[in-house]
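See below for the structure under consideration.
In this text the structure is predicted, and so the values were computed from the model without any measurement. Remember, it's 1-based here, ligands and their atoms both numbered in the order they're listed. Numbers for residues simply follow the sequence, beginning at 1.
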Amino acid sequence: MDVKDIKAGIKGTIGKEIFFYETVDSTNTVAAILAEKGVEEGTVVVADSQIRGKGRLGRHWASPPGVNIYMSVVLRPEIETRNATLITIMASVACAKALRRVTGLDVTIKWPNDLMVSEKKLGGILTETRLARKRIKYAITGIGVNVNLDLDTLPDVIRELATSVKRETGRCFSRTEVIKGILTEVNKWYNILKGKKYSELIFQWKDLTSTLGRTVEIILGKETLRGFAESVNDEGMLIVRLPSGASRVVHIRA
Ligand code: BTN
């Protein structure tokens, strides 16, 4: 990966400062330490591999070296805490648009944070927010994308559910180019979030999602919710129609 090349191609605050590491515990953890130290909004942490890559719901994120993208962006949005879900919505729109443009794949978003191709997971987003005095002090948006990964290197359970850009297109892609594409789109969509144009974000998300209009199963701690995914509300939360006919608003759990 060529950080100088990435920086040179970026116009905007996201990616103006990039820290690159060969190996980290988790880019989200490193970015949070930097955020606590007061780094500027838009600072990005990229790693070639992660030892303890984090997925949602405390899951491990497989992060082998040399093949994929693991990066985290420090954000300091001045939005209400009830709109924090929109940070993940913003990042998933940005990633799906960038991956479509750079790879030509028909990438869709599975609520809330999965980047999908042909019903398999190509990548994911993990946003961790730190609140102070009921405001968002900072948010770390971690992005993982399987780019040149050979799936046979994955454990059996993950292999059946996952895919990579290489697997879907039959060729390798430059991670530098994919990162440039993603950061360019994050700059665009983050400005839309900061400008509080929430309905535009939701509109784009709805256009890119494969979740709505389908029966879904959502793991909520010990409970698994089954129902029909009707819509997302203005705050980015999923509205599910339950078999009883009642509707339920589902929040993202990090
Ligand atoms: C998920 O789908 O469960 C979210 C996966 C998020 C993975 C990325 S890789 C970069 C960043 N650092 C982490 O430890 N996790 C996120």
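- Between the side chain of Gln50 and the backbone N or O of Thr27, at least one donor-acceptor pair lies under 3.5 Å.
- Between Tyr70 and ligand 1, no N or O atom pair is found at a separation short of 3.5 Å.
- Near Lys121, with a cut-off below 4.0 Å to any heavy atom, the atoms of ligand 1 are 1 (C), 2 (O), 3 (O).
- The nearest pair of heavy atoms linking Gly236 to Thr85 is O-CG2, 3.4 Å.
- Every atom of ligand 1 with a heavy atom of Ile143 under 4.0 Å away is listed here by number and element: 8 (C), 9 (S), 10 (C).
- Figure legend: cation-pi geometry between Arg171 and Phe173, with NZ or CZ positioned under 6.0 Å from the six-membered ring centre and within 45° of its axis.
- Against a heavy-atom cut-off of under 4.0 Å, Arg56 is close to the following atoms of ligand 1: 1 (C), 3 (O), 4 (C).
- Residue-level proximity to ligand 1 for Asp114 is carried by the side chain, the only part with a heavy atom below 4.0 angstrom.
- The protein non-hydrogen atom at the shortest distance from atom 6 (C) of ligand 1 is Lys54 O, 3.6 Å.
- Atoms of ligand 1 found under 4.0 Å from any heavy atom of Gly53 (numbered from 1 in listed order, with element): 14 (O).
- The closest protein non-hydrogen atom to atom 9 (S) of ligand 1 is Gln50 NE2, 3.5 Å.
- Among protein heavy atoms, atom 8 (C) of ligand 1 sits closest to Gly144 N, 3.6 Å.
- To the nearest 0.5 Å, atom CD1 of residue Ile182 and atom CG of residue Leu99 are 5.0 Å apart.
- Interface of Met71 with ligand 1, defined as ligand atoms under 4.0 Å from a residue heavy atom, comprises 10 (C).
- Ligand 1 places these atoms under 4.0 Å from at least one heavy atom of Ile125: 4 (C).
- When all heavy atoms of Ile6 and Ile10 are compared, the closest pair comes out as O-CG1, 3.1 Å.
- The structure places CZ of Arg248 at 6.0 Å from CG of Leu220, a figure rounded to the nearest 0.5 Å.
- Taking both residues in full, the closest heavy atoms of Lys16 and Lys7 are given as O-CE, 3.4 Å, listed atom of the first, atom of the second, then distance.
- For the pair Trp205 and Leu212, the minimum side-chain heavy-atom distance is below 4.5 Å.
- Here the protein heavy atom with the shortest distance to atom 5 (C) of ligand 1 is Trp61 CE3, 3.4 Å.
- Using a 4.0 Å cut-off to heavy atoms of Thr27, the atoms of ligand 1 that qualify are 10 (C), 11 (C), 12 (N).
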